[in-house]
2 protein chains.
Amino acid sequence: MQSPANKSQAAPTITDVANKAGVSIKTVSRVMNQEPGVHADTREHVLKVMAALKYRPKLSARSLAGARSFVIVLLYYDPSAAFVAGVQQGATLRCREAGYHLVVESMHNDAADLEQQVSRIISTLQPDGMILTPPLCDNRQVLKALQDSRTPCVLVSPAKDIKDQPSVRMDEARAAEEITNLIISLGHERIAFIKGATDQSASALRYQGYLRAMKTHGIAVDKELVHQGDFTFATGVDAAHHLLSRSVRPSAVFASNDDMALGVLAAAQRLGLAVPGDLSIAGFDDSPASSLVWPPLTTVRQPIAQMARVAVDMLIAANRNDAESATEPDLHHVLAHELVVRDSTSKPKAVTAANAAKRKR
Amino acid sequence: MQSPANKSQAAPTITDVANKAGVSIKTVSRVMNQEPGVHADTREHVLKVMAALKYRPKLSARSLAGARSFVIVLLYYDPSAAFVAGVQQGATLRCREAGYHLVVESMHNDAADLEQQVSRIISTLQPDGMILTPPLCDNRQVLKALQDSRTPCVLVSPAKDIKDQPSVRMDEARAAEEITNLIISLGHERIAFIKGATDQSASALRYQGYLRAMKTHGIAVDKELVHQGDFTFATGVDAAHHLLSRSVRPSAVFASNDDMALGVLAAAQRLGLAVPGDLSIAGFDDSPASSLVWPPLTTVRQPIAQMARVAVDMLIAANRNDAESATEPDLHHVLAHELVVRDSTSKPKAVTAANAAKRKR
DNA sequence: CTGAAAGCGCTTACAG
DNA sequence: CTGAAAGCGCTTACAG
């Protein structure tokens with residue numbers, strides 16, 4: 001049924017390139033894999049023929065014949081849309097640069113057959129590596145499936161580092177400390193803190209950062225100004241109502257994520273407080289919403305896309321080192337974050353005035 | 001170097017299954033592809049052996065040997081994180097149900113070599129189908145690369161439907177009409193509208209919906225109450241300042257997306273207007289931020305994940321029909337949206353009072 | 001209803 | 001520096 005015309009339209013194979021270049025397919029293979037041991041002229045000639053024919057090696061053939069699949073899997077379970085999108089953006093771009101492709105799979109963290117699901121994906125796809133994001137990167141079943149299959153794997157923002165298990169993260173505590181320092185440097189002393197969900201490691205780390213900054217500056221932490229939240233908008237609102245009903249109000253609130261900070265902002269505005277005039281507010285995450293309110297929030301930007309890029313790089317390196325059994329250079333990467341100072345924080349006008357008044361009495 | 005112990009650990013192949021089941025690999029192949037012409041007992045027995053061996057066919061081998069790759073590619077260029085995440089969620093889950101895998105690739109819509117990039121991905125991956133989201137689904141270069149390769153492709157929310165080109169969308173105009181109806185039913189008459197970016201088809205459609213509802217209810221549209229925006233927070237703020245400085249203010253604003261609605265909300269609050277008391281506000285998209293402000297926004301939820309599921313279904317069906325050359329049943333799907341009524345809209349208290357006062361004079 | 005043979009397009013291990 | 005042969009794990013086209 002296939003006419004010659006159709007046949008000529010078929011995608012060129014390595015054999016087509018070899019024939020036209022007058023070399024063996026092995027030489028073409030060497031060139032496209034950038035292996036040594038090919039004469040410069042030969043290499044150049046083959047390269048030209050490949051370009052002329054618009055030759056693209058098929059992933060399935062390379063994968064079946066060789067040890068690599070050029071596939072990296074991103075396993076995730078709905079953290080925030082912004083987080084997934086960020087990881088993906090970084091991972092997919094880096095993959096393309098390196099000739100890899102990113103397969104994404106969304107899994108329920110509490111599925112009973114999670115280990116099976118993961119091992120099935122690995123067996124079917126035989127990926128060269130896997131990227132895990134919270135909460136899956138802290139899930140025993142997932143980790144077990146990965147280890148059994150000996151698939152290289154990088155954890156992005158895991159709760160804690162595991163020995164011999166590569167990871168990428170930012171310094172949550174340091175970032176929280178810096179944002180607290182910023183608020184203190186503005187002149188605040190009564191700085192409230194809203195904690196995040198107790199089952200997430202970031203919560204404790206961010207709280208540590210807050211405490212450290214307060215201590216460094218010799219400011220006593222009033223326990224009444226520390227409130228438990230769970231990273232949701234609603235608990236931010238709640239916390240604000242509690243904190244702002246104190247006889248002596250805080251002049252600033254550091255909510256350990258943006259959603260809670262937005263809750264504080266909403267509550268403050270309902271109470272008729274000016275932000276940042278009457279109350280400075282800082283968040284954490286640089287979520288999209290943080291710049292879609294007035295005033296836009298001072299917050300911390302996680303290097304999400306960059307973490308994903310690094311994760312991909314580590315996986316590719318792991319594949320190369322596999323044969324050489326070289327020791328991994330850096331198992332645990334910590335990437336720089338960024339303070340995003342916007343309009344929700346300022347000098348404590350009201351408090352300053354009040355303090356001045358007090359002193360006069 | 002490989003000990004027998006290691007060998008037995010190797011992933012089982014179709015040959016292993018065939019040997020253990022005492023049949024040919026062709027029979028195993030028939031069973032796993034659910035092909036007819038296998039005795040029920042044989043089928044059952046093979047199935048048991050596959051399960052016992054935890055046999056998983058390798059995608060690379062199936063892809064190389066056969067006409068299908070079991071891979072679907074999602075091509076996107078950073079619309080909103082929420083949109084990408086939604087499409088992905090729907091697509092990845094549906095893919096897993098059907099034994100497919102989703103490869104994601106992020107591309108710059110304005111890249112000079114876009115057509116080449118897309119055709120390279122197709123040649124390399126040989127996907128069974130492709131999902132395109134805005135703005136790529138309206139990009140000529142992308143569409144051309146797809147057609148040249150004859151890869152089945154579904155457009156999600158394209159600017160307009162193309163003949164013979166499958167698509168999935170919601171009814172933007174209808175949704176905008178419904179939200180306008182809602183506002184009208186609350187008692188509003190001076191309803192402002194903020195248009196979206198002129199280069200996006202949704203802008204015109206949503207405006208049409210607004211006009212249609214106003215006309216249906218016999219309310220004249222005051223052109224001073226229609227303001228051009230571009231879907232950003234900043235233009236929402238601008239629009240609000242213009243609209244609210246009118247001698248007779250609107251009692252409600254329908255911003256044609258949430259980001260602009262949030263801008264209106266921020267501006268209104270700075271001006272000391274109560275929302276929804278003094279001003280009702282409605283948005284469009286149900287963005288994450290829309291419920292992270294006070295009051296939470298009345299808006300429209302697009303069936304994003306559902307659109308992606310349908311897109312995957314259409315691609316899988318296209319692959320099946322390929323051989324039978326059956327005609328596609330529904331080329332253009334329109335999915336139901338959902339009105340999300342929250343607290344940013346209410347009866348026009350202030351205006352009602354004012355109107356009452358006017359009448360008394 | 002079942003199977004033997006050939007082949008998909010590459011890489012591997014070996015030879016020269 | 002280069003290549004001929006075998007094989008990866010499946011599906012296809014054909015036979016019985």
Side-chain angles (χ1 to χ4, degrees), chain A residues 1-2 7 10-46 50 53-71 99 123-126 128 319-320 322-323, chain B residues 1-2 7 10-46 50 53-71 99 123-126 128 319-320 322-323:
Chain A
M1 265 302 182
Q2 226 175 186
K7 207 141 204 171
T13 70
I14 193 172
T15 306
D16 296 327
V17 176
N19 289 155
K20 180 151 184 188
V23 298
S24 71
I25 61 168
K26 177 62 211 178
T27 294
V28 177
S29 175
R30 284 197 180 92
V31 171
M32 74 182 178
N33 287 304
Q34 303 179 56
E35 286 171 26
V38 180
H39 193 88
D41 292 349
T42 311
R43 183 181 299 274
E44 199 177 340
H45 179 229
V46 171
M50 293 198 312
L53 255 36
K54 292 189 180 174
Y55 170 67
R56 325 260 194 229
K58 265 111 220 113
L59 218 62
S60 55
R62 302 183 79 181
S63 181
L64 179 59
R68 298 179 295 176
S69 67
F70 299 96
V71 162
S123 308
T124 303
L125 254 26
Q126 313 244 257
D128 289 342
N319 263 271
R320 265 199 293 269
D322 214 13
Chain B
M1 265 300 180
Q2 228 175 184
K7 206 141 204 172
T13 69
I14 193 173
T15 307
D16 297 326
V17 176
N19 289 157
K20 182 152 183 188
V23 298
S24 72
I25 61 169
K26 177 61 213 179
T27 295
V28 177
S29 176
R30 284 197 180 93
V31 171
M32 74 181 179
N33 288 303
Q34 304 179 55
E35 285 172 26
V38 179
H39 193 88
D41 294 347
T42 311
R43 182 182 299 275
E44 199 177 339
H45 180 229
V46 170
M50 294 198 310
L53 256 37
K54 291 188 180 175
Y55 169 68
R56 326 258 195 229
K58 266 112 220 112
L59 218 63
S60 55
R62 301 183 81 181
S63 180
L64 180 58
R68 297 179 295 176
S69 67
F70 298 96
V71 162
S123 309
T124 303
L125 254 26
Q126 312 245 259
D128 288 343
N319 264 271
R320 266 200 293 268
D322 215 14

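Computed over heavy atoms, backbone and side chain alike; hydrogens, waters and symmetry mates excluded. Each chain gets a letter, A, B and so on, in the order its sequence line appears, and its residues count up from 1.
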Query - Proximity to the side chain of B/T13 - top-ranked nucleotide from D/dG9, C/dT11, C/dT2 - result: D/dG9
Requested in this report: Check the pair B/E35 / B/K26 against side-chain contact (heavy atoms from CB on, under 4.5 Å), numbers first and verdict last.
Outcome: CA-CA 11 Å; B/E35 285 172 26; B/K26 177 61 213 179; 4.0 Å; yes
Requested in this report: Output yes when a side-chain donor or acceptor of B/N19 lies under 3.5 Å from a complementary backbone atom of B/D16, and no otherwise.
Outcome: no
Report task. Of all the heavy-atom pairs spanning A/R68 and A/N33, show the shortest one and how long it is. Result -> NH2-OD1, 3.6 Å
Report task. Output yes when at least one side-chain N/O atom of A/S24 is less than 4.0 Å from OP1 or OP2 of D/dG3, else no. Result -> yes
**Report entry** No-H, no-angle donor-acceptor pair, B/R30 side chain to C/dG3 base, under 3.5 Å
**Finding:** yes
Report task. Might you point out which heavy atoms bring A/S69 and A/Q126 nearest each other, and give the distance in Å? Result -> OG-O, 2.8 Å
**Report entry** Base-pairing assignment for D/dC14 (Watson-Crick or G-U wobble, both under 3.5 Å)
**Finding:** C/dG3
Query raised in the report: Which ones in residues 59-70 of chain B lie close to DNA chain C, meaning a heavy atom under 4.0 Å from one of its atoms?
Result: B/L64, B/A65
Query - Nucleotide C/dT2, atom P - distance to CD of B/E35 in whole Å - result: 13 Å
Query raised in the report: Is any side-chain nitrogen or oxygen of B/T27 closer than 4.0 Å to OP1 or OP2 of C/dG3?
Result: yes
Requested in this report: Please report the closest heavy-atom contact between B/F70 and B/D128, naming both atoms and the distance.
Outcome: N-OD2, 2.8 Å
Query raised in the report: So what does B/K26 hit on the nucleic acid, given a heavy-atom distance under 4.0 Å: a base, only sugar-phosphate, or nothing?
Result: base
Query - Whole-Å distance separating the CD1 atom of B/I25 from the P atom of C/dC8 - result: 16 Å
Query raised in the report: Between C/dT11, D/dG9, C/dC1, which nucleotide gets closest to the side-chain atoms of B/H39?
Result: C/dC1
Query raised in the report: Are the side chains of A/I14 and A/M32 in touch, meaning some heavy atoms are under 4.5 Å apart?
Result: yes
Query - Main-chain N/O of B/A18 paired with B/K20 side-chain donor or acceptor, under 3.5 Å - result: no
Query raised in the report: At under 4.0 Å, does any side-chain N or O of A/T42 touch on OP1 or OP2 of D/dT2?
Result: yes
Query raised in the report: Does B/S29 make a side-chain N or O approach to OP1 or OP2 of D/dT11 shorter than 4.0 Å?
Result: yes
